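Here the structure is a predicted model, which is why all the values come from computation and not from measurement. Remember, it's 1-based here, ligands and their atoms both numbered in the order they're listed.
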Amino acid sequence: MRPTLLPYAHQTIEPDDLAAVNAALTADWITQGPLVARFEQALAEHGGVRHAVAMASGTAALHAACWAAGLGPDDEVITTPLTFAATANAIVYRGAQTVFADIDATTLNLAPDAVKRVATARTRALLPVDFAGLPCEYGHLLPLARENGWIVIADAAHSFGGAIGDRRVGSLADMTTLSFHPAKLITTGEGGAVLTDRDDLADRLRAVRHHGIQRGDAKRPWRSEIREPGSNYRLTDFQSALGLSQLGKLDRFWRRRDALARRYRERLSRSPFVELPSLPEGLRHGWHLFVVMLRLERLRVTRDTILRALRAENIGATMHYPLVYRHRFYRDRFRYVAGLCPNAELVESRLVTLPLFPAMTDTDQDDVLRALDKVFAHYAR
Ligand SMILES: Cc1ncc(COP(=O)(O)O)c(C=O)c1O
């Protein structure tokens with residue numbers, strides 16, 4: 001057994017990251033200075049869009065995107081139940097109605113047919129999540145949204161670095177939200193961004209980030225006006241320094257994640273105890289998370305017992321996510337009942353997230369695979 005706990009995720013901070021933050025902290029502006037704009041430009045270029053608006057967190061990015069989209073109490077927004085609650089909470093902040101559509105049981109992303117089934121005349125937006133890092137079926141979702149006049153906000157907290165063909169995550173929806181939490185692909189401590197090609201949305205995003213303030217004109221730049229109250233969702237300059245430095249490493253980090261993920265898939269595809277999510281041709285997975293689905297019919301115990309046994313082996317395996325509509329707030333407020341999204345419910349009880357991060361070594365990964373073999377042998381039917 002390994003002597004220390006292997007976490008499921010860990011940031012990679014290197015000496016040049018530290019130097020960049022240090023330099024930013026001793027500059028004149030430590031918030032909303034020149035580095036925020038440079039980070040935004042680099043993010044927009046990376047995503048292949050005209051605008052990136054940096055935000056204080058991925059949650060702030062989601063809220064700002066829903067605000068910029070003009071969502072309000074008369075609107076329904078379709079999203080997936082298999083996500084971090086921040087996705088659905090952003091819809092609730094706007095007073096709009098969260099509508100959950102089922103997932104595809106093999107990709108674990110929103111199923112376009114399920115989206116069609118729950119759409120109504122009040123649907124205004126679609127909020128798909130690239131679960132674990134696999135880009136959603138935007139080739140189906142976008143035309144559906146266009147036909148119906150819906151806006152598409154992609155929650156790409158897991159998939160920055162991924163792509164569909166030669167189109168990178170960031171350019172696949174009307175707005176794409178990112179998170180730079182330490183477990184994610186690159187980090188700014190806390191942080192996020194919204195990427196978009198649309199000038200009008202970028203203006204609104206910048207306004208909500210800064211209290212809803214519209215800038216004065218050239219003659220009187222000190223005058224400002226608030227047309228709708230926004231928030232303070234600003235990212236600092238020293239966080240942007242870290243973000244810029246980390247963005248330069250995204251491809252290297254991604255390559256290491258990809259190599260580890262391939263090795264996991266190669267070994268685990270032979271295991272009778274797990275099923276791997278599908279990896280459709282032509283998609284580049286972002287590999288934020290490496291998830292497997294247990295074949296519970298071949299085991300004597302539940303997923304939680306397997307997780308506890310892995311923890312006892314010092315493997316920090318975990319699960320993402322309890323379905324959003326099982327949280328008490330959503331259960332009570334929207335009177336959701338079991339059976340709403342059958343695929344998601346079947347998948348949820350089988351999900352396990354295995355450790356995956358760029359600094360993980362092959363030896364660390366061997367420890368995970370050995371622990372899995374041991375635990376499965378012990379609990380096999
Ligand atoms: C799918 C998803 N959306 C949104 C968020 C929120 O991001 P943040 O933690 O940066 O607020 C997360 C973070 O865990 C996430 O996993």
Asks: May I ask you to list the atoms of ligand 1 that are less than 4.0 angstrom from any heavy atom of Ser179?
Replies: 7 (O), 8 (P), 10 (O)
Asks: Test of understanding: clusters of I, L, V, M, F, W, Y form through side-chain heavy atoms closer than 4.5 Å, transitively. Do Leu201 and Leu172 belong to the same one?
Replies: no
Asks: Under 4.0 Å from a heavy atom of Thr87: which atoms of ligand 1 are those, numbered in the order shown and with their elements?
Replies: 3 (N)
Asks: Is the shortest distance from a heavy atom of Tyr321 to ligand 1 less than 4.0 Å?
Replies: yes
Asks: Considering only non-hydrogen protein atoms, determine which one is nearest to atom 11 (O) of ligand 1 and report residue, atom name and distance to 0.1 Å.
Replies: Thr59 OG1, 2.6 Å
Asks: Check each atom of ligand 1 against the heavy atoms of Ala157 and keep those under 4.0 Å away; list them by number with element.
Replies: 1 (C), 2 (C), 3 (N), 15 (C)
Asks: I want to confirm something. Looking only at heavy atoms, which of Glu190, His158, His63 is nearest to atom 1 (C) of ligand 1?
Replies: His158
Asks: Evaluate Lys184 for polar contact with ligand 1, using N/O atom pairs at a separation under 3.5 Å.
Replies: yes
Asks: Between Val129, Asn89, Asp155, which one has a non-hydrogen atom sitting closest to atom 2 (C) of ligand 1?
Replies: Asp155
Asks: With sequence neighbours excluded, what pairs up with Ser231 under the side-chain contact (heavy atoms from CB on, under 4.5 Å) test?
Replies: Tyr233
Asks: Give the atoms of ligand 1, by number and element, whose distance to some non-hydrogen atom of Leu62 is under 4.0 Å.
Replies: 4 (C)
Asks: Which atoms of ligand 1 sit under 4.0 Å from any heavy atom of Gly191?
Replies: 10 (O)
Asks: Give yes or no for whether the N/O distance cutoff of 3.5 Å, strictly under, is met between Gly58 and ligand 1.
Replies: yes
Asks: Determine whether Leu62 and Val92 fall in the same hydrophobic cluster, where Ile, Leu, Val, Met, Phe, Trp and Tyr are linked whenever their side-chain heavy atoms lie under 4.5 Å apart.
Replies: no
Asks: Among Ile186, Val36, Leu35, Leu43, exactly one meets side-chain contact (heavy atoms from CB on, under 4.5 Å) together with Leu244. Which residue is that?
Replies: Leu35
Asks: May I ask you to identify the nearest protein heavy atom to atom 5 (C) of ligand 1, giving residue, atom name and distance to one decimal place in Å?
Replies: Phe84 CD2, 3.8 Å
Asks: Just jot down the ligand 1 atoms closer than 4.0 angstrom to any heavy atom of Thr83, in number order.
Replies: 1 (C)
Asks: Looking at Gln32 and Leu235, what are the two nearest heavy atoms and their distance?
Replies: NE2-O, 3.1 Å
Asks: So which heavy atom on Leu185 is nearest to which on Arg257, and how close?
Replies: CD1-NE, 3.5 Å
Asks: Tell me whether Arg262 at atom CZ has more than 12 heavy atoms from other residues, nucleotides or ligands lying less than 6.0 Å away.
Replies: no
Asks: Using 30° and 60° as the class limits, which term best fits the ring planes of Tyr321 and Phe84: parallel, tilted or perpendicular?
Replies: tilted
Asks: For ligand 1, is there an N or O atom under 3.5 Å from any N or O atom of His181?
Replies: no
Asks: Can you label the angle between the His63 ring and the Tyr93 ring as parallel, tilted or perpendicular, going by 30° and 60°?
Replies: perpendicular
